[in-house]
> 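The structure follows.
Numbers restart at 1 for each chain; the letters A, B, ... are given by sequence-line order, proteins then strands.
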Protein chains: 2
Amino acid sequence: MNRKPLLEYINKYINLTIEEEDILFSKIRYRDYLKDQYIVQQGDVCNSVCFILSGCTKMFYMDKEGQEHIVIFSIEDWWTSDLGSFISQTPADYNVQCLENTQLIQFTNNTLEELYSEIPKLERLFRKIVERAFVASQKRIIRNFSLTAKERYLIFKETYPKIEQRVPQYMIASYLGITKEFLSKIKSQLIQNQ
Amino acid sequence: MNRKPLLEYINKYINLTIEEEDILFSKIRYRDYLKDQYIVQQGDVCNSVCFILSGCTKMFYMDKEGQEHIVIFSIEDWWTSDLGSFISQTPADYNVQCLENTQLIQFTNNTLEELYSEIPKLERLFRKIVERAFVASQKRIIRNFSLTAKERYLIFKETYPKIEQRVPQYMIASYLGITKEFLSKIKSQLIQNQ
DNA sequence: AAATGATGTTAAACTAGATTAACATTTATT
DNA sequence: AATAAATGTTAATCTAGTTTAACATCATTT
């Protein structure tokens with residue numbers, strides 16, 4: 001299997017020797033999921049974090065009214081998991097479902113613990129990855145408070161132009177925290193005012 | 001100075017030898033801030049993360065209209081910083097200001113890099129800290145989407161009972177993403193309906 | 001004790017976004 | 001090609017939360 005995407009990604013943060021690369025790839029597992037399959041299900045304990053090689057997933061929370069709230073989309077060269085469930089080994093709050101056929105690399109709990117002890121540098125890698133994710137998450141909280149839905153939509157389009165094209169509009173509405181009807185209204189307003 | 005609070009905190013995640021503890025405390029710096037002083041200012045590059053020994057801070061974003069949006073409160077045994085600015089060494093998006101006289105331990109960029117190389121275990125510590133912070137941050141995004149302001153207020157009171165007592169109500173409103181007037185309304189509704 | 005500033009409350013008018021419902025368009029299935 | 005299922009749009013009505021403004025309370029300074 002092709003090692004390139006993961007190695008290129010990792011090399012942005014740390015440098016591995018050839019031997020370390022071999023250790024890494026001896027422990028991880030490739031997996032293929034079909035469109036609509038679940039990688040994580042709300043209520044199950046999530047036992048892996050996954051690096052996406054191709055495809056697209058959504059992570060969402062289903063509330064008591066049965067409404068879906070999308071936390072994040074993930075595509076190639078990014079990660080997906082319910083990290084909260086993974087790190088504390090408690091039932092997942094979220095679902096992760098494939099929006100396209102998706103190929104990924106799984107790091108299970110055991111895999112990761114072994115890797116951390118054999119290649120301590122990976123501790124740094126994952127610290128840096130989570131740092132960035134945390135910063136993005138905090139930015140999103142503030143945006144949700146201080147910007148209107150229209151402004152948030154424009155930022156979303158700018159930030160994730162690829163995702164805009166690949167997923168249905170009603171899911172983008174869910175990610176933005178608005179209804180699909182209101183997103184429709186925003187889009188028609190944007191078309192008129194230019 | 002008293003090493004106990006930081007060591008007790010660290011011991012929840014990793015174990016340090018006596019020698020490692022000494023290295024740690026030889027590199028960090030204690031600081032005292034007065035009420036209302038700024039630890040980080042929007043626009044400056046943030047060059048430390050701080051562990052709070054006593055006191056209370058707010059981290060907030062000031063929008064173009066001059067409105068303050070509180071991202072998080074921090075009290076004893078927790079951290080404060082603009083992590084985004086700190087890790088990428090770019091101008092801070094947020095302010096961190098003391099709400100009480102505040103005593104803290106500063107980890108500067110250099111301090112941390114030295115510590116990581118002398119005590120690699122600390123890499124793991126900070127990975128775990130950021131993991132938890134990230135999970136809490138994602139939970140908050142979902143709560144803001146799927147719960148009403150009243151529900152969010154009740155959860156806030158439950159989760160941070162100490163903070164509720166210590167900071168003015170209008171700042172709690174800001175943290176919840178609502179106006180102080182609406183928080184007042186919520187509180188009077190809660191008093192009537194019981 | 002009076003005065004000033006910071007914080008908190010109440011109520012009326014307003015608005016961003018939700019809800020409901022009907023219809024339009026695109027995609028998948030037979 | 002026809003039908004069904006999924007996705008997207010429009011418009012009317014409704015509501016959670018905002019805005020404005022006046023007033024109340026509490027703390028600090030003189």
> Kindly calculate the angle separating the two end axes of the helix from dA1(C)-dT30(D) to dT30(C)-dA1(D), each obtained from five base pairs, and round it to 10 degrees.
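The end axes of the helix from dA1(C)-dT30(D) to dT30(C)-dA1(D) are about 40° apart, to the nearest 10°.
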> Report each atom pair, protein N/O against N/O of nucleotides 25-30 of chain D, whose distance is under 3.5 angstrom.
none

> Who pairs with K139(B) by salt bridge (Lys or Arg N to Asp or Glu O under 4.0 Å), at least two apart in sequence or on another chain?
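K139(B) satisfies salt bridge (Lys or Arg N to Asp or Glu O under 4.0 Å) with D93(A) once adjacent residues are dropped.
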> Within residues 59-66 of chain A, find the residues that approach DNA chain D with a heavy atom at under 4.0 Å, and present them sorted by residue number.
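Per residue number, the list is empty: none.
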> Determine whether more than 12 heavy atoms belonging to other residues, nucleotides or ligands lie under 6.0 Å from atom NZ of K162(A).
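Atom NZ in K162(A) is not packed in, count stays at 12 or less.
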> In this structure, are over 12 heavy atoms from other groups packed under 6.0 Å from R132(A) atom CZ?
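12 or below, so no.
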> Give, for atom OH of Y61(B) and atom CZ of R143(A), the distance between the pair rounded to the nearest 0.5 Å.
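Between atom OH of Y61(B) and atom CZ of R143(A) there are 10.0 Å.
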> Inspect the contact between E131(B) and R127(B) and indicate whether a charged nitrogen and a carboxylate oxygen are less than 4.0 angstrom apart.
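Salt bridge flag = yes for E131(B) with R127(B).
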> Salt-bridged, E113(A) to R124(B), with N to O below 4.0 Å?
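Salt bridge between E113(A) and R124(B), a charged N being under 4.0 Å from a carboxylate O: yes.
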> May I have the step-by-step check of side-chain hydrogen bond (donor to acceptor under 3.5 Å, both in side chains) for S184(B) and E181(B), ending in yes or no?
CA-CA 5 Å; S184(B) 245; E181(B) 291 85 356; over 6 Å; no
> Please encode protein proximity along nucleotides 18-23 of chain C as a string of B, S and -, counting only heavy-atom distances under 4.0 Å.
SBBB--
> Mind checking what makes salt bridge (Lys or Arg N to Asp or Glu O under 4.0 Å) contact with K58(A), not counting sequence neighbours?
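If we apply the salt bridge (Lys or Arg N to Asp or Glu O under 4.0 Å) test to K58(A), skipping adjacent residues, the hits are E68(A).
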> Using a heavy-atom distance cut-off of less than 4.0 Å, which residues of residues 152-170 of chain B contact DNA chain C?
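Close to the strand are P168(B), Q169(B), Y170(B).
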> Contact between I172(B) and Q169(B) at the side-chain level, heavy atoms closer than 4.5 Å - yes or no?
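In short, these two side chains touch, coming nearer than 4.5 Å.
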> Can you tell me how far P of dG17(C) sits from CG of L176(A), to the nearest Å?
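It is 11 Å, rounded to the nearest whole Å.
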> Not counting sequence neighbours, list each pair that qualifies as a ring-ring contact (aromatic ring centres under 6.0 Å, His included) and has a residue in residues 25-50 of chain B.
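Those involving residues 25-50 of chain B do not exist here.
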> Can you sort out the partners of K185(A) under salt bridge (Lys or Arg N to Asp or Glu O under 4.0 Å), two or more places apart, ordered by chain and number?
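Scan of K185(A) (salt bridge (Lys or Arg N to Asp or Glu O under 4.0 Å), adjacent residues dropped) gives none.
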> Please name all residues satisfying side chain to side chain contact (heavy atoms under 4.5 Å, CB included) with I72(A), sequence neighbours left out, ordered by chain then number.
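Expected list: M59(A), S74(A).
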> Which residues pass the salt bridge (Lys or Arg N to Asp or Glu O under 4.0 Å) test with E158(B), not counting sequence neighbours?
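For E158(B), no residue satisfies salt bridge (Lys or Arg N to Asp or Glu O under 4.0 Å) once neighbours in sequence are set aside.
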> Scan nucleotides 25-30 of chain C against the protein and return all N/O pairs shorter than 3.5 Å with their distances rounded to 0.1 Å.
none

